[in-house]
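Below is one structure, written out as C-alpha cells; comments come after it.
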Amino acid sequence: MLALFPEAVREVARGVVETVPPESTQQAVGYPTLFLLVALGSLVPVLPTGALVSTAAVVAFHQSTPLALLVVFVVAAFAAFLGDITLYWLGLRGVGSANGSRLLDRLRQRAAPDRLETARRRLGEHAVAVLVVSRLLPAGRIPVMVACLLSRMPLRRFVHGDAPACLAWAAAYGLIGIAGGSLFAQPWEGVVAAVALTVLVSAVPAVWRRLTSSGRADGG
C-alpha cells in the first residue's frame, strides 16, 4: 500500500511524524487541535475529518499512555457532535426565518437531488438509523441533514440520532487508524497507511454510484 505513494510524500510523512514533540506536549497540543479541526470540519464540510481522526489514532496507538486511544475517540466524537448540532441549529434558524437561509441554500447545493429525496423518504421510518449510516458514508451527512431541516425535525430528535452517529463515526475512523498503526512498526508508515485507507473508503461510494448509474444508462 505504501508503495502507491510517491517517494516525496512518504518522506514528508516520515519527517513530520519523526519530529513530533514528546508525548506530554503532543497531548497538550494535539487533543485541543484535533477537537478544533473536527468541530470546524463538521461546520464547514470540506475538511477531511475522518483522515484527521485516523492519523490521531495512529499516533495514539504508538504512545505509551494506555488511555490515549480512548481520549482520541472521545475528543473526536464530541467535536463532531458539537459541530453537527451547531450546524443543524443554524439551519433550523434559517428554515424558520422569513427570508430563508443562505446556509441552508449552500447545504442544499452540496446535496444531490436524488440522494436528498431518498434521505427524506427514509427518515420518516428509521430516523436514528439513517443518521448513523449518513455519518459513516462519505458525503452522506449533508443530504440527510438537509432532509432533516426540510422536514422540520426538532433539534431534540436530531440530537437523539446524531449522538450515536458521531460515536460510530469516531469509532470507525479510529479503527482505521489502529489498523494502520498495527500493520507497521514506524508511526509515519501507519499514518500513510491510515490516510490511504481513509481515501479508499471515501472513494468507494462515488465509484459505486458511477458504475451503477452507467449500468442503468446502458440498460436503458
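Starting from 1, each residue takes its place in the sequence as its number.
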Query raised in the report: So do Leu155 and Ile85 actually touch side chain to side chain, heavy atoms under 4.5 Å?
Result: yes

Query raised in the report: Is it the case that one hydrophobic cluster holds both Trp89 and Ile142, taking links as side-chain heavy atoms less than 4.5 Å apart, direct or via other members?
Result: yes

Query raised in the report: Step by step, would you call Thr49 with Leu37 a side chain to side chain contact (heavy atoms under 4.5 Å, CB included)?
Result: CA-CA 7 Å; Thr49 52; Leu37 290 177; over 6 Å; no

Query raised in the report: Looking only at heavy atoms, what is the nearest atom pair of Gly177 and Ala57, with distance?
Result: CA-CB, 3.9 Å

Query - Candidates Leu175, Val38, Val75 - the one meeting side-chain contact (heavy atoms from CB on, under 4.5 Å) with Val53 - result: Val38

**Report entry** Side chain proximity check, Leu52 to Thr55, heavy atoms < 4.5 angstrom
**Finding:** no

Query - Rounded distance [0.5 Å steps], CZ in Arg93 versus OH in Tyr88 - result: 15.0 Å

Report summary line: On a heavy-atom basis, the closest approach of Val58 and Gly181 is CG2-N, 4.1 Å

Requested in this report: With side chain to side chain contact (heavy atoms under 4.5 Å, CB included) as the test, would you mind laying out the steps for Val72 and Val59 before giving the verdict?
Outcome: CA-CA 10 Å; Val72 168; Val59 176; over 6 Å; no

Query raised in the report: Does Arg141 reach the main-chain N or O of Ser42 with its side chain, forming a donor-acceptor pair under 3.5 Å?
Result: yes

**Report entry** Contact summary for Ala56 and Leu34, nearest pair of heavy atoms
**Finding:** CB-CD2, 4.0 Å

**Report entry** Shortest non-hydrogen separation from Pro164 to Val128 and the atoms involved
**Finding:** CG-CG1, 4.2 Å

Query raised in the report: What distance do Asp84 atom CG and Arg135 atom CZ have between them, rounded to the nearest 0.5 Å?
Result: 4.0 Å

Query - Value rounded to 0.5 Å, distance of CD1 in Ile176 from OH in Tyr173 - result: 6.0 Å

Report task. Look at the side-chain heavy atoms of Ile, Leu, Val, Met, Phe, Trp and Tyr, link any pair under 4.5 Å apart, and say whether Phe35 and Leu67 land in one connected group. Result -> no

Query - Single-linkage hydrophobic cluster Leu90~Val144, side-chain heavy atoms < 4.5 angstrom - result: yes

Query raised in the report: If Ile, Leu, Val, Met, Phe, Trp and Tyr residues are connected whenever their side-chain heavy atoms lie under 4.5 Å apart, and connections chain through other members, are Leu36 and Val74 in the same group?
Result: no

Report task. Check the pair Met145 / Ser134 against side chain to side chain contact (heavy atoms under 4.5 Å, CB included), numbers first and verdict last. Result -> CA-CA 9 Å; Met145 182 176 289; Ser134 72; over 6 Å; no

Requested in this report: Treat each ILVMFWY residue as a node, draw an edge where side-chain heavy atoms are under 4.5 Å apart, and state whether Leu149 and Phe81 are in one component.
Outcome: yes

Query - Side chain proximity check, Phe158 to Leu131, heavy atoms < 4.5 angstrom - result: yes

Query - Spacing of CG belonging to Asp162 relative to CE belonging to Met153, to within rounding of 0.5 Å - result: 10.5 Å

Query - Between CG on residue Leu167 and CZ on residue Phe78, distance to nearest 0.5 Å - result: 11.5 Å

**Report entry** Val130/Val133 under side chain to side chain contact (heavy atoms under 4.5 Å, CB included): CA gap, chis, key distance, verdict
**Finding:** CA-CA 5 Å; Val130 171; Val133 173; 5.9 Å; no

Report task. Starting at CG of Leu40, measure out to CG of Leu82 and round the result to the nearest 0.5 Å. Result -> 11.5 Å

